[in-house]
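Structure, as structure tokens:
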Amino acid sequence: MTLDRDLDRRLVVWLDERSVPSPPADLLARSLARVDSTRQRSVWRFPAVALGGAAIVGRRTVPAWAALLIVALVVAALLVVGGQIVRRYLAVVPQQTTLPTPASTQAPETPAPTDTRPPGVPAAAGMFARTVQIVAVGDRVAWVATSDGIYRTDDTGKTWRAVQPNGWTLPYTEAFMDADTAYVPIGSGSEIGVTHDGGASWATTVFDVPVVSPPGAAQPVFSFSSASTGHVTFVDPNHFSKRDGTGLFVFGTTDGGRTWTGPAHGLQPPLRASSNKLYAALGPFLVNSAGLSEQYAFENYFDLSEDGGATYTRYDFPTGALAPKKDMKTVDGIVRGADGHLLIALRVDGGRTEIPMVVYRNGDDPSSWTKVNELPPGYEQPFQFLTGNSWVVTAGAPTEIFSTSDAGAHWQTVVPAISLYGVQAGGGAASWGSLDTGWLAEECRMATLDDQGAPIAGQSCGDKPRDLVLLVTSDGGATWTQVGS
Amino acid sequence: MQRELVERARGGDRNAFAELAAASIARLFNIAQLMLHDRDLADDAVQETLVQAWRDLRSLRDPDGFDAWLHRLLVRCVYREADRERRRSTSSVHLPAAGVDPDASSNVADRDAIDRAFKRLSPEHRVVLVLHHYLGFSDDEAAAAMAVPAGTVKSRLNRAKSALRSALEADARASGLAMESVR
């Protein structure tokens, strides 16, 4: 609330200062000159009908039977539309089960982390102050990539190890597959590291791909369907910023990176309203879709690759009231369900219209989509598919954890004791290893507010209010414990 | 008095309408320029509002609701002008000038930050913030002006403030980066 009040106060002051006492001197005259050349519209009055006679509609006379017919048609249309709305509402409104907030919101004692900062990280810096990526695996293991190092815990955050390999560069596209296996970029971007023992040791592979300059400008992208099977894709630097597509060098492995095949040469299909960059994979999927442009209508499709970009398949976006053709769409999550069909969590920027995020199931062809379920408006991000049936939304405004284990048929809502606004605002990250255990990083100043935005007594960030802090929950999001220094 | 003027204007009395327009134009212009963040666009929006008000005045059933109705017309015209402007302008990214004092406690820096952040909001968010924070409209009054349900006003206001806060934070981060690059 304090945060809101402060913003309100600043806004009110600013609006007062920006207000102007008088309009341009001739505005009234110019307006009235236009008024002079404008005729007033006649009014459409509801007809006073007398059977057999005539009805008066505005200034026009229409037969009474015609007026009655219009009224009957309107009533019939309203009944049909109203019935559909009621049916649709009953069909889509999820049954919410709100868990009570625990009586005590006092956080458990924060465990002291094992101080294993990598060389060069000052002792005063928080280990997780610059967290970029969190990947939770089950209830105990998590990998956290920061700009200073890669950390790993096996005991839900009680102790940590810095596990990045020598030569590891900046975090961007690391793929943490399970408790043991991870793939990370090394050096200039033509080399990768693979671990199969949770980061205790790393094997490196150098690929024959064009040298990327400057180093780290284009990191390899990892797209893996399992810990052992997947692809690493390098981007031809000469094509990186061109609008005519991206040159891709794709290597594949089925034995956890011990051997590689390739390269296959791929080309990300160019889009008119796009920088045509290759973005980090969503699991095994590379997704390519357009942005909005002043010059072009929205390109209402996305290209999907499951082989590291060697080949792409074009899918039409779903269309309908919740996915207008002209609106920009983004695939926020994608997973293959147990039946082999794709599920996508689709975010639609409806401009003036608030459109909820919807999960769609693909049919037998790339243009066939069926709505599985929709989230109530306001629950925007971050969305995570744990499996085809288990989904989690870490919503910051309002601060709620929203989850389902039956593909949206029933929803569980948990209200945390702290504000998660910092996650929703894009200043943090979240990852769930199960429906119980989740991790998030957000700015310290946000994590010291309660779910209503009021400061929590005894919580302070010292002189580092904007540093990220890492938090973990083991009860589905009701209580969060800060871990690390 | 206003009721009588409205009734006369509704009957086609152009002078009565001129009196109503003169009494409203300063307020309309002020609101429009706050919402649109541009005096020229506000000028167009106000002209269009008054022309539409005259043209459709006979459809106003309750003369006492003239002000609320005028606000509704204005908001509609503001949206239209914002759309036109959006189509005209090309996308651009405004970076803070290097060397700008990032001290958030400075009033000038704070005003500039809100100025930049407010400009980045969608027209719908700007409208709801002006109605709520400047005109002091209740949810119901804002709903009438925006032609949406009161519940939508609440959620839109919440989102507008979230968006403003995000824009301010992004601006602060960008200012920090600009300062770092200068050092």
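A note on names: the letters A, B, ... follow the listed sequences, proteins ahead of strands, and every chain is numbered from 1. Bear in mind that the values here come from a model prediction, so they are computed numbers and not experimental data.
If you check the side chains of B:Asn30 and B:Tyr134, you find a donor sitting under 3.5 Å from an acceptor. Side-chain atoms of B:Asn15 and B:Glu19 form no donor-acceptor pair, as typed in the model, at a separation below 3.5 Å. For the residue pair B:His132 and B:Arg156, no side-chain donor N or O sits within less than 3.5 Å of a side-chain acceptor on the partner.
The contact between B:Leu34 and chain A is made entirely by side chain atoms (from C-beta outward), counting heavy-atom distances below 4.5 Å. Residue B:Arg14 touches chain A through its side chain alone, counting heavy-atom pairs closer than 4.5 Å. Neither the backbone nor the side chain of B:His125 comes within less than 4.5 Å of any heavy atom of chain A. With a 4.5 Å cut-off on non-hydrogen atoms, B:Arg10 touches chain A through its backbone but not through its side chain.
Classified by interplanar angle (parallel below 30°, tilted 30° to 60°, perpendicular above 60°), the ring pair B:His37/A:Trp14 is parallel.
Scanning both residues, A:Leu271 and A:Ser289, for their nearest heavy atoms gives CD1-C, 3.3 Å.
Ranked by heavy-atom pairs under 4.5 Å with chain A, the first of B:Leu164, B:Leu57, B:Ile31 is B:Leu164. Annotation: maximal heavy-atom pairing with chain A below 4.5 Å, among B:Phe17, B:Phe29, B:Trp54, occurs at B:Trp54.
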